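Shown next, in structure tokens, is the structure this report addresses.
In what follows, every heavy atom counts, from backbone to side chain, and hydrogens, waters and symmetry copies are set aside. Everything numeric here is computed off the predicted structure, so don't read it as measured data.
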Amino acid sequence: MSSAGIAPVDLPGPVATPVAPASGGPVYVQVGGEDGPLLCAVDLDGSLRWSRAAVRACGRPRVAPDGGVWLEGRGVLHETLPTGDPGRRVELDRHPGHDVGAFVILPDGFVVAWQSSPYRGVRVERLDGRGRPRWSTELPVPAGLSYAGVVEMSAESGWRPVPARPWAPADLLASWSEALLVSGDRVLATFFEVSSGIGMSFCVDLGTGDHLWQTPPVPIGDLAIAGPGSFLVGVQGYGAFETLLYNGDGAVVLQWPSHGRPLVSSRGRIRMVELDNDPSRTLRIRRLHRDASMTDGPVLTGYHTIGPVLAADGRAAFWRDGRLQVVDRDLTVRTLHADPAWSGTDRMLLLDGGVLAFVLNRGDERRLVFARTGLPPMDGGAWPCGEGNLQANPVL
């Protein structure tokens, strides 16, 4: 894999999502060690700063404004200090049949999304720094889910596909893409049913926990913060392929026939690296304009995508189809490195000196790599990378 500009970091096992407290590093990653999971801090020269035993966490780590790293395991939030020493331990009020689906860190505490499988309801709560609830809101999930593209077959229909009748959710899990977004005084929590892929986003007031609005049941795609109090909600599957811009009151302000990994710059400009499960669809890099029009960029090959991440000069980087690619402001694409044996689907960080940090997969092998580029620092917009910032803590 090594080349003049890209090299793997030597760690004692497969790695997970990278996060960083600041552009100067270090990069924090969870590592599957032989004696149990580890949390490691890696400097930008590839050297290991520290490594310590960590909880077995299903979700990704979050970095707090003070640089502490938080992981959730079995209903407890565990902090690791920037020195690698253990920090606080916050026990959550876990209801029977509920598990933590996602959490984010606020300056004065946390927001937590609780999921259930089998389905026993879902809720969102805000906690102070000691884990004491400020509010807890049960979300109004419809008794029956439905979506026009979902079909069923039975003897009654002569085994012909017909629109499925509303069904009770078997489970509702926090979305695999940005399950909790906090923007201004709004919290957007997104859950989906695994078997159907149908889900909903629920918006609550950050201060009071009041339920304000929710999307209809749809095949949930990628989500992002678009600006103060506004959100991008992707819809993909069952023939749907679109992105909607919701304002804080739940109104759909704009809608584009495009879906994928979005970027939102400091000037509010939206760029999309498209993704779709339908192999017959032509996918591109596109600009989504505020008059609902789009500018088409080049056709994209491949599917699994790492990133993208947006630099301050308007260039964006991502890994797809075995290539590290950079998109210029005019939507032209250049390849910086190619190795078709490696792929991935996670986030990408842009750090000091134009260093890109991301995880590449080959079979069961998962390696943290650093790619040294000429890119300037990361853009300061609402969504310059997956999870909204280096800290993987999508709070604006």
*When Pro26 is tested against each of Pro21, Pro82, Ser47, Cys40 for side chain to side chain contact (heavy atoms under 4.5 Å, CB included), which residue passes?*
Pro21
_Whether Glu79 and Arg89 form a salt bridge (side-chain N of Lys/Arg under 4.0 Å from carboxylate O of Asp/Glu) is what I want to check._
no
_Other residues, nucleotides and ligands only: do more than 12 of their heavy atoms fall within 6.0 Å of NE2 on His289?_
yes
*Hey, would you say the Phe231 and Trp383 ring centroids sit under 6.0 Å apart?*
no
*In sequence, state the C-alpha distance, the side-chain angles, and the governing distance for Glu125 and Trp135, and then conclude on side chain to side chain donor-acceptor pair (under 3.5 Å).*
CA-CA 6 Å; Glu125 64 180 1; Trp135 50 255; over 6 Å; no
*Check for a donor-acceptor pair, side chain of Asp43 on one end and backbone N or O of Gly46 on the other, with a separation under 3.5 Å.*
no
_Under a 3.5 Å threshold, yes or no: a donor from one side chain and an acceptor from the other, between Thr80 and Arg52?_
yes
*Stepwise side chain to side chain contact (heavy atoms under 4.5 Å, CB included) check, Asp346 with Phe358*: CA-CA 7 Å; Asp346 217 321; Phe358 53 99; over 6 Å; no
*asked:* Who clusters with Trp176? Use side-chain heavy atoms, under 4.5 angstrom, across I, L, V, M, F, W and Y, and order the result by chain and number.
replied: Leu173, Phe192, Val194
*asked:* Between Ile225 and Val264, is there a side-chain heavy-atom distance shorter than 4.5 Å?
replied: no
*Going by the angle between their ring planes, with limits at 30° and 60°, are Tyr238 and Tyr147 parallel, tilted or perpendicular?*
tilted
*Quick one: does Leu92's side chain get under 4.5 Å of Leu127's, heavy atoms only?*
yes
_Among Asp128, Asp205, Asp108, salt bridge (charged side-chain N to carboxylate O under 4.0 Å, His left out) partner for Arg134_ = Asp108
*Could I get the full list of side chain to side chain donor-acceptor pair (under 3.5 Å) partners for Gln214, not counting sequence neighbours?*
His211
*Any idea which heavy atoms bring Ser183 and Gly229 closest together, and the distance?*
OG-N, 2.8 Å
*Heavy atoms, side chains only, cut-off 4.5 Å: are Leu44 and Asp352 in contact?*
yes
*Interatomic spacing from CD in Glu152 to CZ in Arg160 - rounded to 0.5 Å*: 12.0 Å
*Taking side chain as C-beta onward, heavy atoms only, is Asp291 less than 4.5 Å from Leu254?*
no
*Out of curiosity, Thr17 OG1 to Arg60 CZ, how far, rounded to the nearest 0.5 Å?*
4.5 Å
*With a cut-off of 6.0 Å (strictly less than), are more than 12 heavy atoms of other residues, nucleotides or ligands near CZ of Arg323?*
yes
*Any side-chain heavy atom of Glu193 within less than 4.5 Å of one from Tyr119?*
no
_CZ/Arg290: more than 12 non-hydrogen atoms of other groups inside 6.0 Å_ = yes
*Considering only heavy atoms from C-beta outward, does the side chain of Gln391 approach that of Pro61 to under 4.5 Å?*
no
*For the rings on Trp213 and Phe202, is their centre-to-centre separation under 6.0 Å?*
no
*Which distance, rounded to the nearest 0.5 Å, do you find between the OG of Ser201 and the CD1 of Ile220?*
4.0 Å
*Distance, nearest 0.5 Å, that separates CG of Asp276 from NE2 of His259*: 8.0 Å
*In plain terms, say whether Asp379 and Arg315 are close enough for a salt bridge, that is, a side-chain N and a carboxylate O under 4.0 Å apart.*
no
*asked:* I'd like to know if the side chain of Arg126 reaches the main chain of Leu206, judged simply by a donor and an acceptor atom lying under 3.5 Å from each other, with no hydrogens or angles considered.
replied: yes
*Keeping the roles fixed (side chain from Arg320, backbone from Thr301), state whether a donor-acceptor pair exists under 3.5 Å.*
yes
*Under the ring pair (Phe, Tyr, Trp, His ring centres under 6.0 Å) criterion, do Trp50 and Tyr28 qualify, and how do the steps go?*
CA-CA 10 Å; Trp50 52 254; Tyr28 299 129; 5.7 Å; yes
*Side-chain contact, heavy-atom cut-off 4.5 Å: His78 with Val55?*
yes
*Side chains of Leu188 and Leu180: closer than 4.5 Å at any heavy-atom pair?*
no
*Hey, what do you get for CD1 (Ile285) to CZ (Arg261), rounding to the nearest 0.5 Å?*
13.5 Å
_Under a 3.5 Å threshold, yes or no: a donor from one side chain and an acceptor from the other, between Gln325 and Trp319?_
no
*If you link I, L, V, M, F, W and Y whenever their side-chain heavy atoms are under 4.5 Å apart, who else ends up in the same group as Tyr303?*
Leu275
*Could you walk me through whether Val309 and Leu356 pass the side chain to side chain contact (heavy atoms under 4.5 Å, CB included) check?*
CA-CA 9 Å; Val309 61; Leu356 295 172; 3.8 Å; yes
*Taking atom types as modelled, find out whether Ser175 and Thr190 have a side-chain donor-acceptor pair closer than 3.5 angstrom.*
no
_Pair Trp70-Phe103, ring pair (Phe, Tyr, Trp, His ring centres under 6.0 Å): steps then yes or no_ = CA-CA 10 Å; Trp70 289 83; Phe103 74 96; 7.6 Å; no
*Count the heavy atoms of every other residue, nucleotide or ligand shown that sit under 6.0 Å from CZ of Arg74, and state whether that count exceeds 12.*
no
*Could you please spell out the steps behind the side chain to side chain contact (heavy atoms under 4.5 Å, CB included) verdict for Glu72 and Val112?*
CA-CA 10 Å; Glu72 184 276 331; Val112 179; over 6 Å; no
